[in-house]
Amino acid sequence: MTLTTKTAIVFSVMLFSSMAWANNATKINVAKAAIKQESVFNYASPTLKQLIQKANKIQYQIEPDMGCDVVENFYLGFGNGGAGVSKLQAQVLNNGVTRATWVENWGGGRYGEKQVIDFYMTCTGNKCVIDNVKNISDKIDFKQDLQYIINHRTCNWAN
């Protein structure tokens, strides 16, 4: 290998590593922001946004006051919010999933309960969007529940 080839390989590895680190930092920031704002929607991929909108429309046709209670904050840890979240941490796992943990500090009798949520994201450049969310204590994920509501037009959601 020539010196130029070796230099190009080293530069490529460094560039890839710095891009992966930047994406990890962005993923962590997106997950934390979604938790603090009690909303996945602002950070959702176009596909997930479309599912949320369709399911919400059906939910509120069935239950005009509250919908089906399959709302984003359920998947973010039951009634959480910026004021009710403490010890918020996030990390990107080896498989690329962003795992956020925090302690719930109010609502629903869950005071002091630890929450663990996985965020599945895709990144393009330095922008990451949420493709799905899974509360690790649940059998299925947010997308599956939304799709169930859409397909069955019922509040008896899959989870």
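In this chain, residues are counted from 1 in sequence order.
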* Dump the intermediate steps for side-chain contact (heavy atoms from CB on, under 4.5 Å) on Val116 and Trp102, then the final yes or no. => CA-CA 7 Å; Val116 183; Trp102 72 93; over 6 Å; no
* To do: Could you walk me through whether Val92 and Val97 pass the side-chain contact (heavy atoms from CB on, under 4.5 Å) test, one step at a time?
  => CA-CA 6 Å; Val92 179; Val97 172; over 6 Å; no
* I would like to know whether Thr98 and Tyr120 meet side-chain contact (heavy atoms from CB on, under 4.5 Å); could you show each step before the answer? => CA-CA 7 Å; Thr98 305; Tyr120 298 83; over 6 Å; no
* To do: Decide side chain to side chain donor-acceptor pair (under 3.5 Å) for Gln59 and Asn56; before the verdict, give the C-alpha distance in whole Å, the side-chain angles of both, and the deciding distance to 0.1 Å.
  => CA-CA 5 Å; Gln59 290 182 70; Asn56 281 346; 3.0 Å; yes
* Asked: Which is it for Ile58 and Ile150 under the side-chain contact (heavy atoms from CB on, under 4.5 Å) test, yes or no, and what are the steps along the way?
  -> CA-CA 7 Å; Ile58 291 167; Ile150 293 165; 4.2 Å; yes
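Sequence neighbours left out, not one pair with a member in residues 85-94 passes salt bridge (Lys or Arg N to Asp or Glu O under 4.0 Å).
Without hydrogens or angle criteria, Gln50 side chain to Thr47 main chain gives no donor-acceptor distance under 3.5 Å. Within the 3.5 Å criterion, the main-chain N or O of Gly96 finds a donor-acceptor partner in the side chain of Lys27.
Taken to the nearest 0.5 Å, the CD atom of Gln91 stands 10.5 Å off from the CG atom of Asn24. Rounding to the nearest 0.5 angstrom, the gap separating the CD1 atom in Ile52 from the OG atom in Ser39 is 7.0 Å. One finds the CE atom of Met121 at 11.5 Å from the CG atom of Leu48 (value rounded to the nearest 0.5 Å). To the nearest 0.5 Å, atom OH of residue Tyr148 and atom CZ of residue Arg153 are 14.0 Å apart. Within the model, atoms CG of Asn29 and OH of Tyr43 stand 9.5 Å from one another, a figure rounded to the nearest 0.5 Å. One distance of note links CG of Asp118 with CG of Asn135; it measures 9.0 Å at 0.5 Å rounding.
Counting heavy atoms from C-beta on, the side chains of Lys36 and Leu88 come closer than 4.5 Å. Looking at heavy atoms from C-beta onward, Gln115 lies out of side-chain contact with Val103 at the 4.5 angstrom threshold. Inter-residue side-chain proximity for Thr154 and Ile149 is flagged as unmet; no heavy-atom pair is nearer than 4.5 Å.
Side-chain polar atoms of Arg99 and Gln89 form no donor-acceptor pair below 3.5 angstrom.
Nearest heavy-atom pair across Ala55 and Leu146 is CB-CD2, 3.5 Å.
Shown here are the side-chain hydrogen bond (donor to acceptor under 3.5 Å, both in side chains) partners of Asn151, two or more places apart in sequence or in another chain: Gln147.
Ile28 and Phe119 fall into different hydrophobic clusters, where Ile, Leu, Val, Met, Phe, Trp and Tyr side chains are chained together by heavy-atom contacts under 4.5 Å. One hydrophobic cluster, built from ILVMFWY side chains closer than 4.5 Å, holds both Ile117 and Phe41.
When each of Ile130, Val30, Asn132 is paired with Val40, the side chain to side chain contact (heavy atoms under 4.5 Å, CB included) condition holds for Ile130 and for no other.
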